[in-house]
Amino acid sequence: MRNALALLPLAALAACTVGPNYAGPASAGAAKPPANFVRVADATAPAAPTVALWWTGLGDATLDELERRALAANPNVQIAEARLKQARASLRLERANELPSGNAQATYLHAQLPGINLGQSSGGGGGGSTSLDFYNLGFDASWEIDLFGGQRRKIEAARASIGAAEANVADAQVSLTAEVAQNYVNLRDRQQRIVLAQEAAAQQRELLRLTEQRYGAGTASALDVERLRGLVEQSDAAILPLNAERDAYLNALATLAGEAPGALDTLLSPARAVPLPPAEVAVGDPAALLQRRPDIRAAERQLAAATAKIGAAEAAKFPRISFMGLIGIGGSKPGDIFDLDKISALAAPQLSWNFLDFGRNAARVGQAEGARDEAAAQYRGAVLNALKDAEDSLSRYAARRQTVANAARSLATAERSAKLMRQRFDAGTATMIDVLDAERQRTSAQQTLSQSTAAMTADYVAIQKALGLGWAAP
C-alpha cells in the first residue's frame, strides 16, 4: 500500500503534457469565407456537388472507363498511397516507443587464462593455464516514463500526419481525375478539328479545280490559281500539327491510366464529339468548399502536426526518469541455467536532466514554433488560393458559355448564307465558286464553335477541380 501511495506523485507528473494544445485552424488567422461565391453564373446552382464521380455528369462512357483505369493504376496516386502507408507505420512506431522495451539473450563464454590457478589447472605447477566456462540466460528491459508528455506529443503529431497523408491521397485523385478529363476533352477537340480541317482542305481543292478550269477558259488569271494553290497547301499543312497534338493526347491518357503510350489507341482513336457539361452546375458554398478540398485539409493537418511538435521539443527541457531491469540465470555448467538458486536480478532507476545545454533546447523549441507559424501561413494561403481558384473558374465558365452562344449564332448565320447561296446557284444567279466560298465560311464557323465548346467543357472540368471534387475516402 505504501509503495502504491508513493507512485501517486509520479502518476500525476505523467499526466502532465507540456506545449500548446491545438485549437484548430481558426487560431491560424485564416480568412473567413464569404457566404456565397461572388462570380457565380446563371448555369450554377447552390446545391452541394457530388464529391466522387463528378465526370459522369458529362455523359461519356469512354471517359468513365478512363477515369476508372487511372484511379486504379496511376503512379502518382500510388505514390501518395505509399506515403500514407509510411505515415501509419510511423504512428505505430511512436505508440510502441511509449511502451517498455525488452531484450532476451543467451550467452556462452569460454576463457583460457594462463598463469592463474583456480583449481582447474590443465597442467602441473603454478605456471599452467586455467579453463573457464560460463553459461547464462538473461532478460533486460528499459522504460522511460513520459513525465511531461513529449512522447504523447509525438504520437499526436504522427496521428495528424496520417490525416495529412490521407488528404494528399485525395488531392492526388482530384488532380488526376481533372487531368484525365482535360486531356480527353482536348483529344476529342483535336479529332473534331482534324475532320473539319480535312473538309476545309477538300473545299479548297475543289475551289482550286474550278478556278483552274476558269483559267483554261480565260475567265480567271494565273494569280487567282496560284493564290488558291497556296491556300490548299496551307490547309493541308494545318492538319499536320493537329495530328501530332492528337497523338500527344493519346499518349498522355495512356500514361495517366498507367499504360504505355499506344495502349489505348483502339479505345480512343474513333473520333467522337466533345462531351458537353450539364445544363446546371452544382457549386455549393465557400464554407463547404474549404471543408471539402483535400489540399486545405492536408494543410490543416500539417498545422496540427507542427503544433504538437512544439510540445515534444518543450518536453526535452525537463528531467527524464527511466528504469532499467536485468534478470539472469546461469553458472559454469550448462545445468546452472536451470538452477533457480543461480538467478541474479538488477533494477536501476535513472534520473537525467540536461539543464546546462547553453540554449540548445530553447533553440529547438524556437525551430518548432517557427515551423508551426510556417504551417499556419501555408494553411491560410491554401484557403485564399482555393477561394481564388473557385472564383476564377466560375468566371471563366460564365464567359465561355457566352462565347459558345455567339459561335452558335455565327454558325447559324453561315449555314443560312450557304443555303441561300446554293439556292442562287440553282437559279443561275451565282457560280459554284460562290457556293464553295460560302461552304468554306460555314466550315470555319463550325471550327470556331467546336473549339469554343471544347474550351467550355474544359472550364467545367476546371470548376470541378477548383471545388475539390473527384476523390473518395481511403
Side-chain angles (χ1 to χ4, degrees), residues 50-87 165-198 239-278 293-295 298 450-451 453-474:
T50 302
V51 176
L53 305 179
W54 62 262
W55 51 88
T56 57
L58 293 172
D60 192 305
T62 304
L63 175 59
D64 296 345
E65 175 63 15
L66 284 175
E67 296 284 10
R68 185 193 65 79
R69 294 189 185 190
L71 288 171
N74 182 263
N76 290 334
V77 173
Q78 292 174 345
I79 289 172
E81 290 173 344
R83 289 173 178 167
L84 173 58
K85 183 178 180 180
Q86 296 174 47
E166 289 176 344
N168 286 333
V169 172
D171 193 43
Q173 293 173 342
V174 170
S175 298
L176 172 64
T177 54
E179 190 174 1
V180 169
Q182 291 279 9
N183 280 275
Y184 182 78
V185 169
N186 290 334
L187 171 65
R188 295 311 189 195
D189 173 52
R190 295 310 185 274
Q191 290 174 333
Q192 292 297 313
R193 288 167 65 178
I194 289 171
V195 171
L196 294 173
Q198 290 171 344
I239 299 175
L240 298 177
L242 293 176
N243 288 332
E245 292 175 5
R246 176 203 59 198
D247 294 343
Y249 290 124
L250 286 170
N251 295 337
L253 287 169
T255 303
L256 289 171
E259 303 280 353
L264 301 181
D265 286 3
T266 302
L267 176 66
L268 299 174
S269 290
R272 294 183 181 176
V274 174
L276 296 177
R293 272 191 51 145
D295 58 334
S450 176
Q451 295 177 32
T453 302
M456 180 182 68
T457 303
D459 289 336
Y460 168 79
V461 173
I463 289 178
Q464 309 310 301
K465 182 179 180 181
L467 293 178
L469 307 179
W471 58 273

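Small disclaimer: the values here were computed from a predicted structure and weren't measured.
The line from CD of Gln182 to OG1 of Thr457 is 9.5 Å long, rounded to the nearest 0.5 Å. The CZ atom of Arg69 lies 6.0 Å from the CG atom of Leu267; values are rounded to the nearest 0.5 Å. The structure places NZ of Lys465 at 8.5 Å from CG of Asp171, a figure rounded to the nearest 0.5 Å. Atom CG of Asn186 is separated from atom CG of Leu250 by 11.5 Å, given to the nearest 0.5 angstrom.
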Run Gln191 and Val274 through side chain to side chain contact (heavy atoms under 4.5 Å, CB included) and show every step you take.
CA-CA 9 Å; Gln191 290 174 333; Val274 174; over 6 Å; no

Evaluation steps, side chain to side chain contact (heavy atoms under 4.5 Å, CB included), between Thr177 and Trp471:
CA-CA 8 Å; Thr177 54; Trp471 58 273; over 6 Å; no

Evaluate the criterion side chain to side chain contact (heavy atoms under 4.5 Å, CB included) for residue pair Val180 and Leu253; output intermediate values, then yes/no.
CA-CA 6 Å; Val180 169; Leu253 287 169; 4.2 Å; yes

Where do Leu176 and Asn76 land on the side chain to side chain contact (heavy atoms under 4.5 Å, CB included) test, with the steps shown first?
CA-CA 8 Å; Leu176 172 64; Asn76 290 334; over 6 Å; no

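Nearest heavy atom pair, residue Ser450 against residue Leu196, reads CB-CD1, 4.2 Å. For the pair Asn251 and Gly262, the tightest heavy-atom approach, listed with the atom from each and the gap, is OD1-N, 4.0 Å. Here the shortest heavy-atom pairing between Arg188 and Pro275 reads CG-CD, 4.5 Å. A pairwise comparison of heavy atoms in Trp55 and Gly470 identifies CZ3-CA, 4.1 Å as the closest pair. Across every non-hydrogen atom of Ile239 and Ala197, the tightest pair is CG1-CB, 3.8 Å. Residues Val185 and Ala458 approach most closely at CG1-N, 4.3 Å, considering heavy atoms.
Residues Leu84 and Asn168 have side chains not in contact (no heavy-atom distance under 4.5 Å, counting atoms from C-beta outward). Taking 4.5 Å as the limit, some side-chain heavy atom of Tyr460 sits within range of a side-chain heavy atom of Leu58. Using a 4.5 Å heavy-atom threshold, the side chains of Thr50 and Leu469 count as separate. Trp54 is listed as a side-chain neighbour of Val461, based on a closest heavy-atom distance under 4.5 Å.
Using a distance-only test at 3.5 Å, with no hydrogens or angles considered, a donor-acceptor pair links the side chain of Gln173 to the main chain of Ala472. Counting only distance, with no hydrogens or angles, the side chain of Gln192 and the backbone of Ala271 share no donor-acceptor pair below 3.5 Å. A donor-acceptor pair is defined here as one N or O able to donate and one able to accept, closer than 3.5 Å; no such pair exists between the side chain of Gln451 and the backbone of Arg193. A distance-only check finds no donor-acceptor pair linking the side chain of Arg190 to the backbone of Asn243 [under 3.5 Å]. Side-chain atoms of Asn183 come within 3.5 Å of backbone atoms of Glu179 as a donor-acceptor pair (strictly under, hydrogens ignored).
With respect to Lys85 and Glu81, no salt bridge is recorded, no charged nitrogen being found less than 4.0 Å from a carboxylate O.
Side chains of Tyr249 and Asp189: no donor on one and acceptor on the other come within 3.5 Å.
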